[in-house]
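Comments concern the structure below.
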Amino acid sequence: EVQLVESGGGLVKPGGSLTLSCAASGFTFSNYNMNWVRQAPGKGLEWVSSISSSSNYIYYADSVKGRFTISRDNAKNSLYVEMNSLRAEDTAVYYCARDPRYCSTTSCYPDYYFDYWGQGTLVSVSS
Amino acid sequence: DIQMTQSPSSLSASVGDRVTITCRASQSISSYLNWYHQKPGKAPNLLIYAASSLQSGVPSRFSGSGSGTDFTLTISSLQPEDFATYYCQQSYTTPLTFGGGTKVEI
């Protein structure tokens, strides 16, 4: 069974930093592109970042570019996002989500949608 | 960026009703359109990918259609567990973008 479990959320002051983790199990993590998607309280979904299976392709939403860094450790079946210079508008539930395309090579164009999601972790940015 | 516009933003329906939700893209996205539903406090769940392909395990009362800029999600006979918020999402290009959501209420 595919499982994605996020952790690391919490309360942080504006300008602060936080790193979220996503532990993956039930599939060969190293063969799938992964994503972060967030949802502000009472709002819709916003894609944050994508990383390819071998970390050679990384993309960010403009709203987080230069402040967030996505990474992965395939040996640990884990996805991360380091968030710096946090703002009130970054307050959201952060989900990790899997791209469904199985990547057998390092050059693998993703499907760019999300077939499995974690339960989410809440990040609150407030003084 | 490609803007995704859903309508209506909310609707009221009864069990057994046929429900249709529309999603419009600000430019052509071919068939790179996906649908999710989300219940309060839960993660989104993939229903339809590539405009009309039913995700494994999703009931056949859900169907999707459309291409280019205009897309439709149809629930043929609404069930109690279908009361949720529905989102469309384009997978044509980054930044990946979602519609604003359609809340289906009793």
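Bear in mind that the values here come from a model prediction, so they are computed numbers and not experimental data. Order of the sequence lines sets the chain letters (A, B, ...), proteins ahead of strands, with each chain counted from 1.
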Next on the checklist: If you define the side chain from C-beta out and look only at heavy atoms, does anything of A:Glu82 sit under 4.5 Å from A:Ile70?
Outcome noted: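 They are not in side-chain contact.
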Checklist entry - Do other residues, nucleotides or ligands put more than 12 heavy atoms under 6.0 Å from B:Phe62 CZ? => result yes
Next on the checklist: Please check if the number of heavy atoms outside A:Arg67 that lie under 6.0 Å from its CZ is greater than 12.
Outcome noted: yes
Regarding [X] and [Y], do their side chains bring together a donor and an acceptor under 3.5 Å, going by distance alone?
X	Y	answer
A:Gln39	B:Gln38	yes
B:Thr22	B:Ser7	yes
A:Glu46	A:Ser63	yes
A:Asp73	A:Ser78	no

Next on the checklist: With a strict 4.5 Å heavy-atom criterion, list every residue of residues 117-127 of chain A that contacts chain B, or say none.
Outcome noted: A:Trp117, A:Gly118
Item to check | Neighbourhood of chain B inside residues 48-60 of chain A, taking heavy atoms under 4.5 Å as contact | outcome: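 Checking residues 48-60 of chain A against chain B gives A:Ser50, A:Tyr59.
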Checklist entry - Taking A:Asn35, A:Val37, A:Leu45 one by one, which has the highest count of heavy-atom pairs under 4.5 Å against chain B? => result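 Looking at each option in turn, the highest pair count goes to A:Leu45.
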Next on the checklist: Is B:Tyr36 close to chain A through its backbone or its side chain, or both, or neither, when contacts mean heavy atoms under 4.5 Å?
Outcome noted: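 Answer is side chain: those atoms of B:Tyr36 sit under 4.5 Å from chain A.
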Item to check | Pair A:Tyr102-A:Tyr32, ring-ring contact (aromatic ring centres under 6.0 Å, His included): steps then yes or no | outcome: CA-CA 6 Å; A:Tyr102 179 86; A:Tyr32 290 85; 5.8 Å; yes
Next on the checklist: So for A:Phe114, is it side chain, backbone, both, or neither that comes closer than 4.5 Å to the heavy atoms of chain B?
Outcome noted: both
Item to check | chain A contacts, top residue of B:Gln89, B:Gln90, B:Lys42 (heavy-atom pairs, under 4.5 Å) | outcome: B:Gln89
Next on the checklist: In terms of relative ring orientation, are B:Tyr49 and A:Tyr113 parallel, tilted or perpendicular, with 30° and 60° separating the classes?
Outcome noted: parallel
Checklist entry - Does A:Phe29 have A:Arg72 sitting over its ring (NZ/CZ under 6.0 Å from centre, angle to axis within 45°)? => result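 Output yes; distance and angle both within limits.
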Item to check | Partner of A:Arg101 by side chain to side chain donor-acceptor pair (under 3.5 Å), out of A:Asn33, A:Asp111, A:Asp115, A:Asn31 | outcome: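 Exactly one option meets the side chain to side chain donor-acceptor pair (under 3.5 Å) with A:Arg101, and it is A:Asp111.
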